[in-house]
Amino acid sequence: MENGQPMERLRCVVERITFQSDGYSVLKCAAKGFSDLVTVVGMMPDTHVGSVLTLGGQWKIDSRYGRQFQVASFEETLPATVYGMEKYLGSGLIKGIGPKYAKLIVRQFGENTLEIIENEPDRLLEVPGIGQRRVESIKKGWTEQKEIKDIMLFLQGHDVSTAHATRIYKQYGAESIRVVTENPYRLADDIWGIGFKTADTIAAKLGFGKEQFARLRSGLIYTLNRLAEEGHCYALRNQLTETGEKLLEVEENLLTMTLDEMVRTKDVLTTPLPDSGETAIYLPPFFYAEVGVENQLRRIAAARGENREMQEMPEIYADIEYDEVQRQAIRTAQSSRIMVLTGGPGTGKSTTTLGIIRAFRGSRILLAAPTGRAAKRLSEVTGMEAKTIHRLLEFKPPEGYKRNGENPLEGDVLIVDECSMVDVILMYSLLRAVPDGMRLILVGDVDQLPSVGAGNVLRDIIASGVFPVVTLTKIFRQAASSRIITNAHRINRGEYPDLSNGRNTDFFFQSMEDPEKAAGLIVELVRNRLPGFYHTAPQGIQVLTPMQRGAVGAANLNQLLQDAVNPAVTDARGNTTPELHRGGYAFRPGDKVMQIRNNYDKEVFNGDIGVIESLDAAEKTLSIRFDDRSVAYEAGELDEIVLAYATTVHKAQGAEYPIVVMPVMMTHFTMLQRNLLYTGVTRAKKALVLVGQKKAVAYCVRNVTVTRRNTLLAERLSGKIRQMIQNV
């Protein structure tokens, strides 16, 4: 009952998934007694096309979308009709059966289809086009489905989505029900994609009390992980208990007791904060990484090794004009074990890096960067091989990094570019593999957005004052002619950029007050105007936006841009562009996509952009080309990729694009900060178009209240913490 209205029932078959995100679904369903498809909306996580649903809810009239059935409860059942069987089998649940073979199988066996697959699967050979190999694949897929059916029913009875239930089964197998029943909070620790809130919902259904230790411990770990996702290495005790109190709805003294026990069992580790009397509380990986970066940098700096003579070498400067600060950087690199080179766009970081490489001629030089795009650019600038940090360290799952303290890198000099992107855990892994005697040169722009992962490593190393830092500030003549470069520096200095348009500029501003009209203009720019003016394909133009949500957020712009530049089409023979659906996205061949989590098995990492080069709708698989290699994905892995016609500025770190379009509007005011605008502007090399409001640009320039990240690396390196601990 809701507002006194009785609950209505609706039984239907899912025909189309219009939208699906975080469990919320908008479905088009065929229902008995309705000639047209009905719209069904509500929390129905990971429902498949072909699912037969029994729904409880109410009919509503939406002013914009018309009549909808709003779901309050739902139950998914095996299909009872021949039509439903075809949809069910074609949904991708069973490997080896897609829409094409589902139609053939159901045509052959009709209402006996499921019984035959269950009891006489070899009869599938009677179906035209199905061979022994496919039959074996279907048998295996059906057996796996059967094995997990009881587990799936148990989990779904406790509000666990199909996707989560599958992950739980993969993790625990036949032990799934026992693990979930004994301690559902283990799910949050062990399984990617299942957080504390999902585990807490399951626990509540199983009768776990709010004050149980397992719940409080998991909630505090969840809170620390959320802070780590925001870039923090640690939390303060009161910050942790206050946030935990709201999340867990228990008294603070219970959380204090839980935290004390977690400290005792080393579930969390602590460090006293200098000058405050407070305590920093870390999850172990971030504590060991931060302390490890400090220790490794001290080791590298203290190692004995040959220092180059600091005399001028004319051959370094033969064909490039260096200013005195750049020459100083080259000399500092020759005389230091560790050095930082920093500066904004157009200040000559690349040419200075080239000079440093020349100064070490005859030495074994290794070049690395955090992303494939950044490594490729470093290779183009230097004419030498550059690797991602993961490849340099020879990462192989599940063993981890092959290069480490026991098996270090081989070489004399390591130059790492785009260091502002490197988080504390990756930096620790890298430094462990640097042998005694190898020089370390860190290059980056500290005014960009910090790393997506926890820490602020480059900024902290500079702030410690322990290692030599050379800062390039002069904009060179060629760069000074670019308004992208000059405006980036104006923004960084807190000055309003030059937004005057003209024929001979590379920086444009299109005024637009209404977000939906701005979204339409962005589509027009990408589809027609910019490709026509710059003679480039629309797929080569990157849209960067401050946020995921809203009319000019990445999610909405991706849908609009996909339909504009890579629409589904039907050819003369009636064949329609094949598609795979996942999480509200329709993936098509030719789509630009982004990986959104590190996948070490595939060696594809968070932020990597590729293009779908092939797609098999029947097998529910696709292949994505990332730079020079193809990577295969199955249906269950599609939640790792999203459309990438538009991405957030955060995801664009370390990348360069010839042409960038960027909305800047007050609807995103919570994200409008100087370093975000600066980072977005500096991603463009050939042309940049800002779309939006001048007051939003001004707000960005003024807003330097960048949230300070909780890190203690600078204090550790400077000796403050060591001294304080010794004095206690």
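FYI, the numbering just counts along the sequence from 1.
Salt bridge annotation for Lys28-Asp36: absent, with no cationic side-chain nitrogen under 4.0 angstrom from a carboxylate oxygen.
Shown here are the ring pair (Phe, Tyr, Trp, His ring centres under 6.0 Å) partners of Tyr222, two or more places apart in sequence or in another chain: Phe196. Under the side chain to side chain donor-acceptor pair (under 3.5 Å) criterion, Ser35 pairs with no residue, sequence neighbours left out. In this view, Gln562 and Asp591 satisfy the side chain to side chain donor-acceptor pair (under 3.5 Å) rule, not counting sequence neighbours. With sequence neighbours left out, the side chain to side chain contact (heavy atoms under 4.5 Å, CB included) criterion links Val642 to Tyr585, Met594, Ile596. Residues satisfying the side chain to side chain donor-acceptor pair (under 3.5 Å) test with Ser614, not counting sequence neighbours, are none. Residues forming a side chain to side chain contact (heavy atoms under 4.5 Å, CB included) with Ala696 (at least two apart in sequence, or on another chain): Val664, Met666, Leu672, Gln693. For Phe69, the ring pair (Phe, Tyr, Trp, His ring centres under 6.0 Å) partners are Trp59, not counting sequence neighbours. Under the rule for a side chain to side chain contact (heavy atoms under 4.5 Å, CB included), the partners of Arg107 that lie at least two apart in sequence or sit in another chain are Lys103, Leu104. Taking the side chain to side chain donor-acceptor pair (under 3.5 Å) definition, one finds that Lys100 meets it with nothing, sequence neighbours left out. Scanning for side chain to side chain contact (heavy atoms under 4.5 Å, CB included) contacts around Glu251 gives Asn253, with sequence neighbours left out.
Taken from CG in Leu580 to CG in Asp616, the straight-line distance is 8.0 Å, to the nearest 0.5 Å. A distance of 10.5 Å separates CG in Asp608 from CD1 in Ile624, rounded to the nearest 0.5 Å. Going from atom CG of Leu220 over to atom CG of Leu240 covers 5.0 Å, rounded to the nearest 0.5 Å. In this structure, the separation between NE2 on His650 and CE on Met547 is 10.5 Å, given to the nearest 0.5 Å.
With Asp423 contributing its side chain and Ala454 its backbone, the two residues share no donor-acceptor pair below 3.5 Å. A donor-acceptor pair under 3.5 Å is formed between the side chain of Thr577 and the backbone N or O of Val569. The main-chain N or O of Leu216 is never found under 3.5 Å from a side-chain atom of Thr258 such that the two would form a donor-acceptor pair. Although no hydrogens or angles enter the test, the distance criterion places no donor-acceptor pair under 3.5 Å between the side chain of Asn556 and the main chain of Arg549. With hydrogens and angles ignored, the 3.5 Å screen pairs a side-chain donor or acceptor of Glu637 with a backbone N or O of Glu634.
The side-chain heavy atoms of Glu613 and Ser623, taken from C-beta on, include a pair separated by under 4.5 Å. For the pair Phe109 and Ile117, the minimum side-chain heavy-atom distance is 4.5 Å or more. Contact check for Val523 versus Tyr645: no side-chain heavy atoms found under the 4.5 Å cut-off.
The salt bridge (Lys or Arg N to Asp or Glu O under 4.0 Å) pairs that include a residue from residues 640-649 are Arg597-Glu640, where partners are two or more places apart or lie in different chains.
With Cys29 as the partner, the side-chain contact (heavy atoms from CB on, under 4.5 Å) test is satisfied by one option alone out of Leu37, Val13, Leu10, Val38: Val38.
Judged by the 6.0 Å distance and 45° axis criteria, Arg217 is not positioned over the aromatic ring of Tyr185.
No more than 12 heavy atoms of other residues, nucleotides or ligands lie within 6.0 Å of CZ in Arg226, so this atom counts as exposed by the packing criterion.
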Name the atoms and distances for all side-chain donor-acceptor pairs under 3.5 Å in residues 206-215, with sequence neighbours left out.
residue, atom, partner, partner atom, Å
Lys210, NZ, Glu249, OE1, 2.4
Gln212, OE1, Gly209, N, 2.8
Arg215, NE, Asp200, OD1, 2.8
Arg215, NH1, Lys210, O, 3.0
Arg215, NH1, Leu248, O, 3.0
Arg215, NH2, Asp200, OD2, 3.1
Arg215, NH2, Leu248, O, 3.4

